[in-house]
Protein chains: 2
Amino acid sequence: MSELNLDIGAHLRAVRTMYGLSQRELAKRAGVTNGLISLIEQNRVSPSVSSLKKVLDGIPMSLADFFTLDFTASPQVFFRSDELAVMGDRSVTYKLVAPRRPNRAMALLHEKYAPGADTGADMLRHQGEEGGVVVEGHIELTVGAETRQLGPGDAYYFTSAIPHRFRNTGVEPCEIISASTPPTF
Amino acid sequence: MSELNLDIGAHLRAVRTMYGLSQRELAKRAGVTNGLISLIEQNRVSPSVSSLKKVLDGIPMSLADFFTLDFTASPQVFFRSDELAVMGDRSVTYKLVAPRRPNRAMALLHEKYAPGADTGADMLRHQGEEGGVVVEGHIELTVGAETRQLGPGDAYYFTSAIPHRFRNTGVEPCEIISASTPPTF
DNA sequence: ACGGGGTGTTCAATATCCTGCACACATCTG
DNA sequence: CAGATGTGTGCAGGATATTGAACACCCCGT
């Protein structure tokens, strides 16, 4: 993301010009005055959210996209298996794919659950959404009130605010590739 | 994303209470008055972006996260391997993990590239970020000017605006589990 | 030279946001 | 019961965003 500390002006101008629109043209589509767009782009005013939304509707672009847009490139693209940062303890290990860059969109993990591994009876709860695919072995996943046994090729996807728990109840290690957003790692 | 058409009030209230903060407590941390937070949560005013940022700083939460957050639960959590929707052609097949719900945070895919499979010389380009881990076989990935050969356990992560291309130049099929955000599937 | 149509900026007036209080209602404690 | 502390809401007035119209500039065709 562009962090966008408070330089909404430059950000809006970049988006507007990227879409090949003049201040007047955008103003007409958005139902605001061209003067307002000029003022916003100079950071001489901090627009109300409703005004900013009107302006973005004229592009069109959602508020979420506006605040999430990124122009900077990711510093590292390729990761050899042995380059991945290893986290966790003996029973559960996570290999983080993305570098620890602030504001990246998601966390991609290569997880290994040893036999008996358990994320704990006090269920996990955090923000965002997560999903994964089982590559090898079996895992018992509890999400909310429901518990299921997942094998190779099986998958899951849920909002992380729902309490959840991973347990390897088998005798083989279990390997999962998962992604979560926003990144909690 | 929560789309968040313009009900910022309810959204802010949900976030604030989720973090266990009172209007006054948040106001103190944010350096604004409690009255303002009350007005915002009732949608009696549309806060300026600068004010909203001040408020979110008190939580703390970024503007991007605020406009991207989703509270709605996923309708389906568990997916058996044979339940996953299969897409693509013979040479490249994608199994989509998440249901086709609007506004989910990301797309999680189980991809299989047959020998010779190629996403094409006219490189792919779209918004967002994507990453993946190779499970089986080998794949040649080009991102921007760089090309690399990836094997089991290797991974990648890049912003999707950079032109990219996947090719299976080997004789074995290649299996990848990938995630992209925002979801393009 | 003169329009005419494009661009972004500036200024007074008006609409809206934001503050600094006071208020009303709860839940404790003595 | 009174009193202290917590919660969210309402209101007048000062601060700021937004409008509508004018301004200055540039480029192109006459």
Side-chain angles (χ1 to χ4, degrees), chain A residues 2-69 71 125 161, chain B residues 2-69 71:
Chain A
S2 49
E3 198 31 36
L4 182 50
N5 261 330
L6 210 49
D7 195 359
I8 290 178
H11 199 70
L12 176 58
R13 177 159 294 182
V15 171
R16 175 175 63 80
T17 54
M18 168 174 292
Y19 279 79
L21 295 170
S22 70
Q23 289 182 350
R24 279 187 164 79
E25 175 63 22
L26 177 54
K28 204 177 71 180
R29 298 194 194 187
V32 300
T33 58
N34 57 313
L36 175 59
I37 294 181
S38 175
L39 293 172
I40 294 174
E41 293 189 351
Q42 296 170 82
N43 287 324
R44 295 169 57 111
V45 300
S46 176
S48 71
V49 172
S50 60
S51 301
L52 181 58
K53 173 160 175 32
K54 274 203 277 185
V55 170
L56 294 177
D57 282 347
I59 290 187
M61 173 176 292
S62 73
L63 284 163
D65 281 353
F66 180 78
F67 285 105
T68 309
L69 251 183
F71 296 112
R125 280 168 131 276
Chain B
S2 51
E3 200 32 38
L4 182 53
N5 262 329
L6 210 49
D7 194 0
I8 289 177
H11 199 69
L12 175 59
R13 177 160 294 183
V15 172
R16 175 176 63 80
T17 53
M18 169 173 292
Y19 279 79
L21 295 171
S22 70
Q23 289 184 350
R24 280 184 163 80
E25 175 62 22
L26 177 54
K28 205 176 72 180
R29 299 194 194 187
V32 300
T33 57
N34 57 311
L36 173 59
I37 295 182
S38 176
L39 293 173
I40 293 174
E41 293 189 350
Q42 296 171 82
N43 287 323
R44 293 170 59 105
V45 299
S46 175
S48 71
V49 172
S50 60
S51 302
L52 182 58
K53 174 160 175 30
K54 274 202 278 184
V55 170
L56 294 177
D57 281 347
I59 290 187
M61 173 177 291
S62 74
L63 284 163
D65 281 353
F66 181 76
F67 285 106
T68 310
L69 253 183
F71 294 113

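For the numbers below, each heavy atom of this structure counts, side chains included, while hydrogens, waters and symmetry mates do not.
Using cut-offs of 30° and 60° on the angle between ring planes, the pair Phe67(A) and Phe67(B) is parallel.
Within the nucleic acid shown, Leu39(A) comes within 4.0 Å of at least one base atom, counting heavy atoms only. Within 4.0 Å (heavy atoms only), Val45(A) reaches at least one base atom of the nucleic acid. Backbone-only engagement by Ser22(B) is indicated by non-hydrogen atom pairs under 4.0 Å involving sugar-phosphate atoms exclusively. Among the atoms of the strands shown, base atoms are found under 4.0 Å from some heavy atom of Ser38(A). Gln42(B) comes within 4.0 angstrom of sugar-phosphate atoms only, judged by non-hydrogen atoms across all strands, and of no base.
Using a 4.5 Å cut-off on side-chain heavy atoms (C-beta onward), Lys28(A) and Arg24(A) make no contact.
The separation between Glu41(A) atom CD and dA17(D) atom P is 16 Å, rounded to whole Å. Atom-to-atom, NZ of Lys53(B) to P of dC18(C) comes out at 15 Å; the value is rounded to the nearest Å. Between Arg24(B) atom CZ and dA24(C) atom C1' the separation is 12 Å, expressed in whole Å. The distance from atom CD1 of Ile37(B) to atom C1' of dT9(D) is 13 Å, rounded to the nearest whole Å. Put simply, CG on Leu12(B) is 11 Å from P on dG8(D), counting in whole angstrom units. When rounded to the nearest whole Å, the span between CG of Asn34(A) and C1' of dA22(D) equals 11 Å. The distance from atom CG of Leu36(A) to atom P of dT16(C) is 13 Å, rounded to the nearest whole Å. Atoms CZ (Arg44(B)) and P (dC17(C)) sit 11 Å apart, rounded to a whole Å.
Of all heavy-atom pairs spanning Ser48(A) and Ser46(B), the tightest one is CB-O, 3.2 Å. The minimum heavy-atom distance linking Asn43(A) with Gly9(A) is given by the pair OD1-N, 2.9 Å.
For Ser48(B) and dC18(C), the shortest distance from a side-chain N or O to OP1 or OP2 is below 4.0 Å. Checking the phosphate oxygens (OP1, OP2) of dG8(C), a side-chain nitrogen or oxygen of Arg16(A) falls inside 4.0 Å. Checking the phosphate oxygens (OP1, OP2) of dC18(C), no side-chain nitrogen or oxygen of Thr33(B) falls inside 4.0 Å. Between Gln23(B) and the phosphate of dT9(D), there is a side-chain N or O to OP1/OP2 separation shorter than 4.0 Å.
For the atom pair CG (Leu36(B)) and NZ (Lys54(B)), the distance works out to 8.5 Å, reported to the nearest 0.5 Å.
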